[in-house]
Amino acid sequence: MSCLSGNHQAGQAFDDAGMRERIGALVRAALAAACEAGDLPQIDAPDLGIARPADTANGDWTSTVALRCAKAARRAPRDVASAICAHLPQDPCIAGVEVAGPGFLNFRLTPGAVCGVFGQARAQGADFGRCDLGEGRSVNVEFVSANPVGPMHVGHGRWAALGDSLCRVLEHAGWKVTREFYINDAGNQMDVFARSIDKRYRQICELVAAGSTLEGACEALEADRVAMLDDPDGERPQTHPLSDDFTAELGPDSYGGAYIVDVARAFYEQDGADDLGLAAEERTLAFRERGYEMMLANIKDALERCGVHFDVWFSERTLHAADEDGATAITRAFDKLRAADELYEKDGATWFRSTDFGDDKDRVLVKTDGAYTYFAADIAYHANKFDRGFDRCVDIWGADHHGYVPRMQAVVSALGHQGQLDVLLGQLVNLLRGGVPVRMSKRKGTMVTFEELLDEVGADATRFTLLSRSSDQEIDFDIDVATRQSSDNPVYYVQYAHARICSILRRAAGRDEEQGVLDMDELAAGLIGEAPDLSLLTDPAELALARMIAGFGDTVANCAREMAPFRLTHYASDLAAAFHVFYHNCHVLTEDEALTRARLCACDATRRVLELTLSLVGVSAPQRM
RNA sequence: GCCCCCAUAGCUCAGCUGGAUAGAGCAGGGGACUUCUAAUCCCAAGGUCGUAGGUUCGAAUCCUACUGGGGGCGCCA
């Protein structure tokens, strides 16, 4: 039986999912046999409580079935456990079984059965740890959706890291995933954005006309802006005349951020002062569209730099576009709600009866001035998503939008898709520099962009760090610390383990002098050959490494089920730690050829699973460091 | 006032559908480089799991009420 040597064969799974099923079948059979023999009364035990004990001193697997059904059997838990134990069928993977503690039934596997997962991981390659939670269903995951009126900030970066990793995990768990970015390009904000650019453009023109260089004009505007931010109470009103002029014309809700100056500057570089010749309205409109294009390109570029790709870029404007009958996506969605008697008129506005679905109060869709609320467009957008046939939709929002969840769920229910929308809320990122909070609001103007973070910290460390906390945990991201302590960053610890394995494989193949990237799968296959004897791996460090790898599939499944991909970062660190211990305790390249092959198999399995884990996180697995 | 999130070692955080003696990293203490990458490893130390009840064979985990911190409650987007 292959259990003894641990070689992977089709149909034999040594990972946690496979062994849980195997142990469960044994316990179920033993329980039935014990009842049949009259050692136990007839009882139903739907949950066998098969789990891995936290401490391997208690074995590789345990069942708490005796604790769970002791009451129904009217026997002491230990007696129930003993009765089941006495009827357990023989299994070549099982080295021993014992009743322990209050009534645990503990199973110890043979070393070959524990380490068999090394062979399984290598044989399954990139398919290792896949499951079918999704059952081939389709899911649309919408995330980031940063407004195209400014660069991505660090919070958007967190949603990018979270959303993309979630998508990767869902794909590994059997879902058909569509990544979608919703572009809010239709609201009032676009006009505010346009007027802000326009004002800066005119200021640049004025300053240059007065004799300043372009460079000097832009610096003056930014320095003036900083002076105003340092003086929130206006105690020194004469120190920021340019910004006073800016806000006097546009009001306090305008976009004063330095990037607006950059956009205006780009237009000046392209057109000089020629745009002043246009009518104000025409110029603002042109700036709006050109600025939109620039900001969207900027956002796409930042996402591209950290490996996040979207399948669909959905423009809000398309929801407002009328067909030949004058209908829009919004009016069509309204028709559906009206048909369900969920719309009504009151105080000159149109309302959605969201209280029918548990919301606190009904919500306005059309304001008294005839304009749609943001919610109206969002209704049409979600109706559109379900019209496209997705079995499930996931929205990732900042926690500050949590009050918006009940009304969104309400409308999805009203449209007949109750239970098909999941909203994943994520706590915000507190960006710090040297322990001092950095303001992040676009409207304040001193934000640190996501791109700057990528510049300073690097894409791998940024993604790993932004993913590493539970999404309902705030992150304090100190740029200075992340930069200064780059060698202490967990991502390097994990990548180092991967690079170390690659180094061993190169050395074993006599190719450690070669530069460049090698095909490690091929290299390892040549070194390890067919059917290494994995039962030779008996060191505690080897067994611990195997157990860690065996847990990969469960980890992925949990990440998918709980929408918590952050656990993969912890798994990656744990797996790397298990490897580093193995590395120190078990020399791989030995005189014993069979042992060396077995250990190379352990190394190669670890390398593949590290690479797979990092790929789900969205981080590279370098062959050298 | 109502709603959401959080509270675990000095600091930052794990702890999965309740399981056996609550874990890791960092900081601080002590060790290991003629040996496959020391970006590593080992040892020691560090705890009233915010408080009080409840549920049960068993609670950091589930329920209730408090305390403390963060966020949100618009005919803004």
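Numbered from 1 within each chain, the chains take letters A, B, ... in sequence-line order.
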Exercise. Looking at B/G71, does its base get a donor-acceptor pair with the side chain of A/H402 below 3.5 Å?
Worked result: yes
Seminar exercise, completed: salt bridge (charged side-chain N to carboxylate O under 4.0 Å, His left out) filter on A/R363, not counting sequence neighbours, yields A/D359
For this session: Would you indicate, yes or no, if B/A77 has its OP1 or OP2 atom less than 4.0 angstrom from a side-chain nitrogen or oxygen of A/K367?
Result: yes
For this session: Mark yes or no for a side-chain to base donor-acceptor pair under 3.5 Å between A/T373 and B/C75, with no hydrogen or angle criteria applied.
Result: no
For this session: Please name all residues satisfying side-chain hydrogen bond (donor to acceptor under 3.5 Å, both in side chains) with A/T355, sequence neighbours left out, ordered by chain then number.
Result: A/D362
For this session: Scan nucleotides 31-37 of chain B nucleotide by nucleotide, 5' to 3', and note B when protein non-hydrogen atoms come under 4.0 Å of the base, S if they reach only the sugar-phosphate, - if neither.
Result: ----SBB
Exercise. At under 4.0 Å, does any side-chain N or O of A/R78 touch on OP1 or OP2 of B/C57?
Worked result: no
For this session: Could you summarise the pairing of RNA chain B as dot-bracket text, marking Watson-Crick and G-U pairs under 3.5 Å with ( ) or [ ] inside the strand and | across strands?
Result: (((((.(..((((.....[...))))..((((.......))))......(((((..]....)))))).)))))....
When you compare the protein's N or O atoms with those of nucleotides 60-63 of chain B, which come within less than 3.5 Å of each other, and at what distance?
none

Exercise. What does A/D347 touch in the nucleic acid at a heavy-atom separation under 4.0 angstrom: a base, only the sugar-phosphate, or nothing?
Worked result: base
Problem set entry | salt bridge (charged side-chain N to carboxylate O under 4.0 Å, His left out) partners for A/D395, two or more places apart | A/K385
Exercise. A/L365 CG to B/G74 C1': how many Å, rounded?
Worked result: 14 Å
Exercise. side-chain contact (heavy atoms from CB on, under 4.5 Å) with A/S63: which of A/I23, A/I50, A/V97?
Worked result: A/I50
For this session: Please name the pair of heavy atoms, one in A/L600 and one in A/V588, separated by the smallest distance, quoted to 0.1 Å.
Result: CD2-CG1, 3.8 Å
Exercise. Partners of A/H580 by ring-ring contact (aromatic ring centres under 6.0 Å, His included), sequence neighbours excluded?
Worked result: A/Y493, A/Y496
Exercise. Under the 3.5 Å rule, do the base of B/C41 and the side chain of A/H580 count as making a donor-acceptor pair?
Worked result: no
For this session: Give, ordered by number, those residues of residues 457-470 of chain A having at least one heavy-atom distance below 4.0 Å to an atom of RNA chain B; if nothing qualifies, reply none.
Result: A/R469, A/S470
Problem set entry | Under-3.5 Å donor-acceptor pair between A/D472 side chain and B/C5 base | no
Could you list the protein-to-nucleotides 68-70 of chain B atom pairs, N/O on both sides, closer than 3.5 Å?
{"residue": "B/G70", "atom": "O2'", "partner": "A/E474", "partner atom": "OE2", "Å": "2.9"}

Listed pairs under 3.5 Å, donor-acceptor, residues 548-559 of chain A side chains, sequence neighbours left out:
{"residue": "A/D554", "atom": "OD2", "partner": "A/R20", "partner atom": "NH2", "Å": "2.4"}
{"residue": "A/T555", "atom": "OG1", "partner": "A/G551", "partner atom": "O", "Å": "2.9"}
{"residue": "A/N558", "atom": "OD1", "partner": "A/R561", "partner atom": "NH1", "Å": "2.8"}
{"residue": "A/N558", "atom": "ND2", "partner": "A/D554", "partner atom": "O", "Å": "3.3"}

Seminar exercise, completed: For A/F193, the ring-ring contact (aromatic ring centres under 6.0 Å, His included) test, sequence neighbours excluded, returns none
For this session: Can you figure out which of B/G15, B/C57, B/C76 approaches the side chain of A/F566 most closely?
Result: B/G15
Seminar exercise, completed: Of the listed B/U40, B/C16, B/A77, the closest approach to the A/Y493 side chain comes from B/U40
Exercise. A/E562 side chain: which of B/C73, B/U17, B/C13 is closest?
Worked result: B/U17
Exercise. Expressed in whole Å, how much space separates the P atoms belonging to B/U56 and B/C49?
Worked result: 23 Å
Please list, for nucleotides 18-20 of chain B, all pairs of protein and nucleotide N/O atoms separated by less than 3.5 Å.
{"residue": "B/A20", "atom": "N6", "partner": "A/T62", "partner atom": "OG1", "Å": "3.1"}
{"residue": "B/A20", "atom": "N6", "partner": "A/N106", "partner atom": "OD1", "Å": "2.8"}
{"residue": "B/A20", "atom": "N1", "partner": "A/N106", "partner atom": "OD1", "Å": "3.4"}
{"residue": "B/A20", "atom": "N1", "partner": "A/N106", "partner atom": "ND2", "Å": "3.0"}

Exercise. Is the glycosidic torsion of B/C33 within 90° of 0, making it syn, or is it anti?
Worked result: syn
